[in-house]
Amino acid sequence: MVKAEAVHKRFGRLEVLKGINLKVEPGEVMCLLGPSGSGKSTFLRCINHLEKINSGRLSVDGELVGYREAGGELHELRESEVSRQRAQIGMVFQQFNLFPHMTALENLIEAPTRVLKLGRDEARERARALLAQVGLTDKVDAYPAQLSGGQQQRVAIARALAMRPKLMLFDEPTSALDPELVGDVLDAMRQLARDGMTMIVVTHEMGFAREVADTVVFMDGGVVVESGKPTQVLAQPRHERTKAFLSKVL
Amino acid sequence: MPSIEATESPEPQERPEEIKAVPVRRPGRWIAAAVVAVIAVSIIHSAATNPRFQWDIVGHYLFDPRILEGVRVTVELTVVAMIIGIAGGIVLAVMRLSPNRLVSGASWIYIWFFRGTPLLVQLVFWNYIGALYPRIDLGIPFGPAFIHANANTLLKPFLVCILGLGLNEAAYMSEIVRAGIISVDEGQTQAAASLGMGRLLTMRRIVLPQSMRVIIPPTGNETISMLKNTSLVSVIAYVDLFYSAQLIYSVNYRTIPLLIVVSIWYLAMTSVLYVGQYFIERHFDRGFTLADQVNLRSRWLAFRHMS
């Protein structure tokens, strides 16, 4: 589903990603772990072209992200084509980023009706079903400011799902939440993983990674230090840096 | 080590008696209130008893057809000039935020020019545009022209006023709109982008509606300023509210009462704008106040309860 080959990313002279090679299979759940500044979030944002990569190849479902290859040259995609690619990739942010001037339902039908040109009634129906799925049937008409952080994040997950994406990206989805609200959000994500969604999750929730992830990737300093099954990476890390990191967070 | 004692109380405790204390005396407030009251009463008394106010003449001219026609012209100028100002302001603000240096530079120079010269001078300038460009041609730059027009017949006085007021306003509005746009969190644009929304759609549906909360109050200010600045068109002999009053008192010398008539009308019109602004602000506050629309109703009920 996602294939990264020697992906590099610079901000000015600061090199944030120094050659990332990864492969995510359809239906796989991958958790990215690592200290802050290790490039996990940047890598995630490259996958839906919120950040442009400087070198390497990054493709989703066999299609290069943000470019087209023709005649041995890379051509930048037009804005509408980038938007079409992004519409197939859901993203959940640390700060939720719900649209505050719209109710939960309006948040969920905005992009489906305007981008996918879905009928209003169908979009509403889809939105209600998704809000029910994340346990917020009674919050359909609430504005984000009237919801707790955990409820907001679940609306944000439902909003991303309303586009029927083939891949979901989670950028530290529980880091801005009160501890007692984390559980509901993780439950929603767990359910999604069981339903077979392909997911890449940047997280500090080791319990979630151990239980749900098919693959755990440990990043540090812009490179992948090690990756493998959670039982292996979390329980028997091979690298000193992974050991040092895990000893601090576990 | 100091120990912290906490009484566990699973059951909510009975609330102790409400505090009833003797309030602090505030003689300063009483003195200030007395001073204000005395001044207010003396102003009202003098206005009522000074015969030179000529209140009967004020009443006579308040609904004079010439004055009412002036009111209509002033409202018309304000509305049309503000529409040009707001539309132009949005275009200039989006240009100013463009990554293209030439586009943002053009916007900067426009704003620099129109904010840097007095509105009065600009109005007179537009009035004499015929002296600068006697003929106005519409066509391909440096190429053939398709439409020819005589500047003096094309630029009727109304158009001169609208151009002068509207183009000047656009410069001020653009800064207000720009402040509104950059006040919206970056995360909103990113969330919209991640949902596959394009730049224009994001601007129209996500960024501008949220920036309205920041844009509306200063725009209300600008509209009130505009309403009064329209009186400047009297220098190019356009008959608005103020100029029609001038025309009347230049004949009958009832200067003071007619100035009062004019002031009453300007005050009435700005008061209407206050009400309009209140409702527009409430509309764009959707989702930003925790309490929803019930708010106003409950406040009104509370108010009635008090009195």
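The figures here come from the full heavy-atom set of this structure, side chains too, leaving out hydrogens, waters and symmetry mates. Chain identifiers are assigned alphabetically (A, B, ...) following the order of the sequence lines, protein sequences preceding nucleic acid strands; residue numbering begins at 1 within each chain.
Here the side chains of Val207(B) and Gln188(B) are not in contact, with every heavy-atom distance at 4.5 Å or above. Between His101(A) and Phe99(A) the shortest side-chain heavy-atom distance falls below 4.5 Å. Residues Gln88(A) and Leu167(A) fail the side-chain proximity criterion, which asks for heavy atoms closer than 4.5 Å.
For chain B, no part of Gln95(A) is nearby; none of its heavy atoms comes within less than 4.5 Å. The contact between Leu195(B) and chain A is made by backbone and side chain atoms together, counting heavy-atom distances below 4.5 Å. Interface remark: Pro144(A) contributes no atoms to any contact with chain B (heavy atom separation under 4.5 Å). In this structure, the portion of Leu98(A) lying under 4.5 Å from any heavy atom of chain B is its backbone and not its side chain. At a 4.5 Å heavy-atom cutoff, the contact between Arg159(A) and chain B is made by backbone and side-chain atoms alike. In this structure, the portion of Ile89(A) lying under 4.5 Å from any heavy atom of chain B is its backbone and not its side chain.
Among Gln190(B), Met197(B), Arg199(B), the residue with the largest count of heavy-atom pairs under 4.5 Å with chain A is Gln190(B). Put simply, of His49(A), Met163(A), Glu110(A), Arg114(A), the one with the most heavy-atom pairs under 4.5 Å next to chain B is Arg114(A).
Side chain to side chain, Gln191(A) and Asp195(A) meet the donor-acceptor criterion of an N or O pair below 3.5 Å.
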| task | For the pair Tyr274(B) and Tyr278(B), evaluate ring-ring contact (aromatic ring centres under 6.0 Å, His included) and give the outcome as yes or no after the intermediate values. | result | CA-CA 6 Å; Tyr274(B) 274 78; Tyr278(B) 170 78; over 10 Å; no
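Between Asp184(A) and Arg154(A) there is a salt bridge, since at least one side-chain N of the basic residue sits less than 4.0 Å from a carboxylate O of the acidic one.
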